[in-house]
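To keep things clear, I will list the structure first and then write my remarks on it.
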Protein chains: 2
Amino acid sequence: MASFLGSAGMQGRRGRAGRVVPPLAFGGAPAGERRDAAESRRRVLGVARELFSERGVDAVSMHEIGRAAGVGQGTLYRRFKHKGALCMALLFEGVEGLYGRARDREESGGPALEQLMGLLEDLACFNEENAPLLGAVRDAVGGERRVEMYRNPFYSWLRATVVALLGRAVEEGEAREGLDVEAVAEAVLAPLNVDLYLYQRAELGMGRGRILTALRGLLLDGLRREGTAR
Amino acid sequence: MASFLGSAGMQGRRGRAGRVVPPLAFGGAPAGERRDAAESRRRVLGVARELFSERGVDAVSMHEIGRAAGVGQGTLYRRFKHKGALCMALLFEGVEGLYGRARDREESGGPALEQLMGLLEDLACFNEENAPLLGAVRDAVGGERRVEMYRNPFYSWLRATVVALLGRAVEEGEAREGLDVEAVAEAVLAPLNVDLYLYQRAELGMGRGRILTALRGLLLDGLRREGTAR
DNA sequence: ATCAAAAGCGGACGATTGTCCGCTTGGTGG
DNA sequence: CCACCAAGCGGACAATCGTCCGCTTTTGAT
């Protein structure tokens, strides 16, 4: 089964410079899309964006989107495998922004660990800006589909980017040697899980600065006091 | 609205020694439960456990559980606000085990950070042993209920315990001073998010040891190489 | 023992998601 | 220009979750 959007093979790949090139057509149109299909896809996306912003993602049903866009259920679900996939398509622009900022940072050079921190900061903003859609994605990806959450192209790109940055940090002597970059990458990304992040923001009353500062300290220096055996 | 189980006020509290005492009646019976109600609750729980283990949590509907237990929908949902709450009740024993092990560790003394690592290890096992139920809980807690995920008594206890351990580690000079223990506690717990953990186990093929080792290194020492400015 | 109130009970019901299957249409080769 | 057929289309349908509301049982006070 295809993942969220784009074919399964479209995950981020390493460029020759070690940079992770973003999945190309993440939320874009399928290659040989028929004109009528393209038209109806645009209409669906527009209507969905509208309704979601009016009444919240949860309060708008797929049937309603279809009706409002003048499109049947079959069509709707052919295009978007489920509600989460539709939301994912709507997230396209924001994700592009993230890719762009990561590219800029990379081109302007600087220590890999600082670039990593920048990415995490962007991710926190992304969480806040797109909270409703991200929440809907999470909800739609339940039951059998649970794995898709971490298999979608966006998360793959994220992980690959972090892995690449960590790898570079080790090579350049910024980070400890022998770091298990794949495993650590997951642990680095985990605290920015949307639900957890929003919970801290909204329920625990933590500001973005506080969350990021704590994370920065933890990631860079760990918990132990200086001088303790390591 | 009540959280998963137990009244809202039943979250972990600090004992006088700084220890976090577990919520008392997490999955137990309500105080003045009527005899017939207790009976039907037991029956429901038994039937659910049975059916879940036979065919998987996702494949068993609430209606079916009700039918098999000889109980109507109203009754079922009065007892368990939703499918996730039922699963949470089924998790009772495992959670008790976690509480017990944490208590034992605490009584046998030892460095706070080591105790923290022990807790994380237990949590990893807990994730594996109870994956299906935990997954179902996650799924059931969507839409409006999204916040409940981190507000339930179990997670509250977990967070409070980690906060207490971190606090002690700071006091006793094990951990850096000025650590934002509340914020850091979330970041410490995040990598053991069930979905993420299982994804690493099953899809990325990482063993428990590898995940925990990476986490341990990250938490204790951070990413930076020794000698780098901190 | 009686009786009233509170708690428990159960099936009908509404809403939502996602699937199915037969009809329509766009685009292409003869 | 036409005919073909895969892709697109749309509404009916099934399954599930969770709610509602009127009936029944338990409990405890008189």
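Just so we're on the same page: letters track the sequence lines, and every chain starts at 1.
- Considering only residues two or more places apart in sequence or on other chains, B:Arg146 meets the salt bridge (charged side-chain N to carboxylate O under 4.0 Å, His left out) condition with A:Asp58, A:Asp139.
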### Message
How would you summarise protein contacts on nucleotides 13-21 of chain C per nucleotide, using B for base, S for sugar-phosphate only and - for none, with heavy-atom distances below 4.0 Å?
### Response
----BBBB-
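- Within the 4.0 Å cut-off from OP1 or OP2 of D:dT27, not a single side-chain nitrogen or oxygen of B:Arg34 is found.
- Here A:Ser40 reaches the OP1 or OP2 of D:dC9: one of its side-chain N or O atoms lies under 4.0 Å away.
- Among the heavy atoms of the strands lying under 4.0 Å from B:Gly70 are primed sugar atoms or P, OP1, OP2 only; no base atom is included.
- The pair A:Arg79-A:Glu33 counts as a salt bridge, with a side-chain nitrogen and a carboxylate oxygen less than 4.0 angstrom apart.
- A sub-4.0 Å separation between OP1 or OP2 of C:dG8 and a side-chain N or O of B:Arg41 is absent.
- In the region residues 48-55 of chain A, proximity to DNA chain C at under 4.0 angstrom, judged on heavy atoms, holds for none of the residues.
- Using a 4.0 Å heavy-atom cutoff across all strands shown, A:Gly143 reaches no nucleic acid atom at all.
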### Task
I would like to know whether B:Glu39 and B:Arg43 meet salt bridge (Lys or Arg N to Asp or Glu O under 4.0 Å); could you show each step before the answer?
CA-CA 6 Å; B:Glu39 165 69 20; B:Arg43 221 165 42 224; 3.4 Å; yes
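- Screening A:Arg208, A:Arg103, A:Arg105 for a salt bridge (Lys or Arg N to Asp or Glu O under 4.0 Å) involving A:Asp122 leaves a single residue, A:Arg105.
- Remark: A:Phe126 engages A:Phe154 in a ring-ring contact (aromatic ring centres under 6.0 Å, His included) (not counting sequence neighbours).
- Residues passing the side chain to side chain contact (heavy atoms under 4.5 Å, CB included) test with B:Leu51 are B:Val47, B:Glu54, B:Arg55, B:Val60, B:Glu64, B:Ile65, B:Ala68, sequence neighbours excluded.
- For the pair B:Leu76 CG and D:dT19 P, the interatomic distance rounds to 11 Å; values are reported in whole Å.
- The salt bridge (Lys or Arg N to Asp or Glu O under 4.0 Å) analysis of residues 186-198 of chain A, with sequence neighbours excluded, yields the pairs A:Arg138-A:Asp195, A:Arg159-A:Glu186.
- The phosphate of D:dG8 (OP1 or OP2) has no side-chain N or O of A:Arg35 nearer than 4.0 angstrom.
- Taking atom CZ of residue B:Arg79 and atom C1' of nucleotide D:dC17, one finds them 19 Å apart after rounding to whole Å.
- Within a 6.0 Å sphere centred on CZ of B:Arg201, other residues, nucleotides and ligands contribute more than 12 heavy atoms.
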